[in-house]
Amino acid sequence: MKNTLKFSELGLIPELQSAIDDLGFDEATEIQTKAIPLMRDGADIIGKSQTGTGKTFAFAIPAIEKTDSYSKPYVQTIVLCPTRELVQQAAAEFRKLTAYIHGINIAEVYGGAPMDRQFSALKKANIVIGTPGRVMDHMRRGTLKLDSISLAVLDEADEMLSMGFIDDIVTILSETPESRQTVLFSATMPKEILDLTERFQKNPVLIEINKKQVTLDNIAQKFVDVPSGRKTDALCLLLRYYSPKRAMIFCNTKQMVDEISLILEKHNFNAAGLHGDMLQSQRTRVMESFKSGKTNILAATDVAARGIDVNDLDYVFNYDIPNNKEYYVHRIGRTGRAGKDGVALTICSGRRQIITLLSIARSAKSELEEIDIPTVAEIREKAADNAVMKAKEYINSPIAEIYRDMADELITSGYDTEDIISALLKMSVADAAAGLSDIHSEKKNKLNLKSSYAGENYAKIKISIGRSGHVAPNFLVAAICDNTGISGKDVGKIEIYDDYSIVGVPESIRNQMTADLNGIKICGKTVDVSAFEYEEKRSKNKRTETKKKPYASAKKTYAGKDRATKRSSNKDKNNKTSASSNRKSTHGKYSVKRDKKSR
């Protein structure tokens with residue numbers, strides 16, 4: 001069999017062929033070409049493929065063809081997905097394919113949605129698509145019975161494994177007839193997934209798609225190296241320079257998604273965040289906004305992004321280094337689809353991250369190019385070029401009378417035509433780099449840096465997050481720079497304790513910085529920021545000292561030694577111990593003080 005066939009060559013029933021024609025699809029993908037005939041023959045299948053290969057149609061088409069839509073409704077197919085977004089996405093694809101087929105009813109079951117609607121949908125469903133947890137819930141309530149299942153599909157099986165659904169999957173499959181057909185799709189094949197296939201599949205056929213061909217063609221893979229604590233500045237510069245029509249930014253944690261989305265909104269980017277801790281209504285709103293184009297930049301975790309399926313993503317940014325090769329390929333595979341070109345750009349900070357990224361790229365057989373971070377001057381220059389191009393487009397297109405009236409008003413007011421044009425172009429590019437911090441010179445000329453506040457006295461501020469909140473110096477520097485506009489080189493000494501941190505800042509702007517920083521989020525926590533004085537620290541230490549009964553006399557002997565001398569000796573010993581326990585580990589110019597309590 002050829003790697004790919006046209007849908008017209010797959011012998012689909014006329015109703016399905018009409019629906020696919022309406023969707024504008026002509027050529028089936030490789031996994032569709034291979035999986036559809038095998039599923040028609042009843043074979044159990046293991047499909048090893050990445051996101052974006054078209055696997056939903058690969059199992060949806062045979063499932064629809066096998067469904068008995070004429071008898072009284074009963075559940076014949078169960079499809080399990082790791083997230084509610086993937087459930088919704090798969091159900092939407094099924095409904096598109098059944099546009100001309102009557103009698104096929106699809107029920108979506110997932111958490112965060114009203115149960116009564118799901119009860120109603122299950123009563124007439126012959127295809128159920130759901131998350132393992134909610135499927136189990138309906139099984140316990142008796143509102144979903146699986147004794148007539150003829151086809152079970154596990155979609156994104158490795159992701160369900162990583163989310164802790166493996167026991168639920170085993171329970172669900174155990175409640176289905178042994179005669180059922182079982183189809184499993186997974187990007188990776190860890191041992192637990194292989195154990196599932198051995199237990200629940202019969203002589204499965206492995207379909208493995210050429211990962212490089214599917215996900216890496218047409219994708220330019222690049223990376224930048226930025227100073228520690230300046231990754232958000234670099235991200236803003238890159239977004240301004242490349243001006244993506246639609247982009248995704250991948251973060252490893254939910255907290256970082258929150259921080260990135262807030263920072264981008266503050267810099268007037270049309271951005272939003274998406275992760276699993278958000279309410280379902282919020283997630284749905286964010287996804288619909290991104291898919292419709294109202295929001296053009298989305299920061300997301302890997303799991304949450306599984307529910308996003310768009311074909312016109314031109315940029316993917318890895319704000320955090322992905323955990324492994326599979327995650328890297330999943331991320332970058334979201335751009336460069338449908339024959340279009342795409343760019344995947346990873347932001348590294350330091351040699352260790354670069355080495356990790358290059359190792360991942362080698363295992364994925366990818367080639368990476370290091371590029372420079374654009375300067376603010378380059379961003380303004382590019383914005384000016386874009387403004388001229390856009391002006392030419394408007395000039396060559398019909399112009400409404402209202403705009404001609406505005407031009408006439410300016411001309412009749414005595415303004416020169418060239419001045420009017422220049423002013424309008426200035427308006428269109430003036431904000432291109434507003435509020436952005438230029439880190440290009442910092443990266444290239446670290447040894448020649450001079451502080452904007454050189455020679456000025458430094459004061460301290462106290463920030464209500466410390467080691468217990470998993471904060472690090474670079475997080476503090478990034479938050480301070482992003483919310484106050486000062487450069488990272490103007491941030492002074494940093495001391496991190498269990499529940500708070502002390503940061504040195506220029507004395508002349510301490511009060512303003514305290515006001516700007518109070519109430520911001522760092523590592524997902526809203527922080528309080530206040531001025532910190534030495535007296536505060538000393539008084540705190542005094543309060544925590546152990547009270548001792550004073551000696552009646554400063555000159556009493558004990559075992560032939562002067563007691564005052566012994567106290568002095570003990571004090572020296574304690575000072576040495578204290579000095580040892582308060583050693584400082586330094587990272588560049590920042591120091592992290594470790595006290596006894598934390599150890």
Side-chain angles (χ1 to χ4, degrees), residues 50-52 81-90 92 112 156 159 215 219-222 224 231-323 327-338 340-347 478 482 521 524:
Q50 309 292 345
T51 298
C81 304
T83 67
R84 61 195 80 176
E85 286 81 17
L86 282 173
V87 169
Q88 293 170 329
Q89 181 179 305
E156 305 276 12
E159 203 59 56
T215 61
I219 303 173
Q221 299 174 59
K222 305 178 182 183
V224 294
K231 291 180 74 171
T232 50
D233 286 334
L235 178 63
C236 291
L237 289 166
L238 292 165
L239 288 171
R240 284 285 187 234
Y241 184 78
Y242 291 106
S243 299
K245 294 179 181 177
R246 188 174 297 186
M248 288 189 69
I249 302 166
F250 283 95
C251 305
N252 290 346
T253 65
K254 300 167 186 175
Q255 292 86 349
M256 189 54 68
V257 168
D258 285 336
E259 288 191 32
I260 291 298
S261 56
L262 286 172
I263 288 167
L264 293 181
E265 287 177 16
K266 182 173 181 179
H267 282 87
N268 297 318
F269 290 101
N270 188 11
L274 184 72
H275 58 69
D277 282 352
M278 296 168 63
L279 296 174
Q280 176 58 31
S281 58
Q282 293 176 306
R283 294 168 69 175
T284 301
R285 187 166 59 250
V286 168
M287 290 180 64
E288 289 177 351
S289 179
F290 185 65
K291 288 181 176 180
S292 67
K294 292 179 181 177
T295 301
N296 73 316
I297 299 173
L298 181 71
T301 56
D302 291 279
V303 173
R306 295 291 179 108
I308 299 290
D309 188 22
V310 294
N311 288 324
D312 57 349
L313 207 67
D314 50 347
Y315 277 83
V316 166
F317 293 89
N318 292 314
Y319 183 85
D320 292 319
I321 306 296
N323 293 322
Y327 277 111
Y328 178 74
V329 174
H330 272 184
R331 290 179 179 186
I332 71 172
R334 294 184 171 277
T335 186
R337 292 186 180 183
K340 299 177 182 177
D341 292 333
V343 177
L345 211 160
T346 303
I347 303 175
D482 289 333
K521 280 192 174 182

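On a predicted model such as this, the values are computed, not experimentally measured, just so you know. For reference, positions follow the sequence shown, starting with 1.
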Would you compute the distance between atom CD of E265 and atom CG of L262 and round it to the nearest 0.5 angstrom? 6.0 Å
Got a second to check how far D312's CG is from N296's CG, nearest 0.5 Å? 10.5 Å
Kindly give the heavy-atom pair with the smallest separation between C81 and V87, and that separation in Å. CB-CG2, 3.8 Å
Any side-chain heavy-atom pair from I297 and Y315 closer than 4.5 angstrom? no
Distance (rounded to the nearest 0.5 Å) between T346 OG1 and F250 CZ: 11.0 Å
Donor-acceptor contact below 3.5 Å, side chain N270 vs main chain K294: yes
Contact summary for Y319 and K231, nearest pair of heavy atoms: O-NZ, 2.7 Å
For the residue pair L274 and F290, establish whether any side-chain heavy-atom pair is separated by less than 4.5 Å. no
Reference residue I249; test side chain to side chain contact (heavy atoms under 4.5 Å, CB included); the match among L264, N318, L298, V257: L264
Report the distance from atom OG1 of T295 to atom CE of M287, rounding to the nearest 0.5 Å. 12.5 Å
Examine distances only and state if a side-chain atom of D258 and a backbone atom of G273 form a donor-acceptor pair shorter than 3.5 Å. no
Within-4.5 Å side-chain heavy-atom neighbours: E288 and K291: no
Can you tell me how far OG1 of T284 sits from CG of L279, rounded to the nearest 0.5 angstrom? 10.0 Å
Start with the C-alpha gap between T253 and T301, add the side-chain angles, then the distance that decides, and say whether side-chain contact (heavy atoms from CB on, under 4.5 Å) holds. CA-CA 6 Å; T253 65; T301 56; 6.0 Å; no
Start with the C-alpha gap between I347 and L238, add the side-chain angles, then the distance that decides, and say whether side-chain contact (heavy atoms from CB on, under 4.5 Å) holds. CA-CA 10 Å; I347 303 175; L238 292 165; 4.2 Å; yes
Is any side-chain heavy atom of T335 closer than 4.5 Å to one of V343? no
Closest heavy-atom pair and its distance - A299, I260: CB-CG2, 4.1 Å
Please give me the minimum heavy-atom distance between R334 and M248, naming the atom from each residue. CD-SD, 3.9 Å
Of all heavy-atom pairs between I219 and G333, which one has the smallest distance, and what is that distance? CD1-CA, 4.3 Å
Treating K245 as the side-chain partner and D314 as the backbone partner, does any N or O pair qualify as donor plus acceptor under 3.5 Å? no
If only side-chain N and O atoms count, and only distance matters, is there a donor-acceptor pair under 3.5 Å linking Y328 with Q221? yes
Report the relative orientation of the aromatic rings in F269 and H267; use parallel for angles under 30°, tilted for 30 to 60°, perpendicular for over 60°. tilted
Minimum heavy-atom separation for S292 and R246, please, with both atom names. C-NH2, 4.1 Å
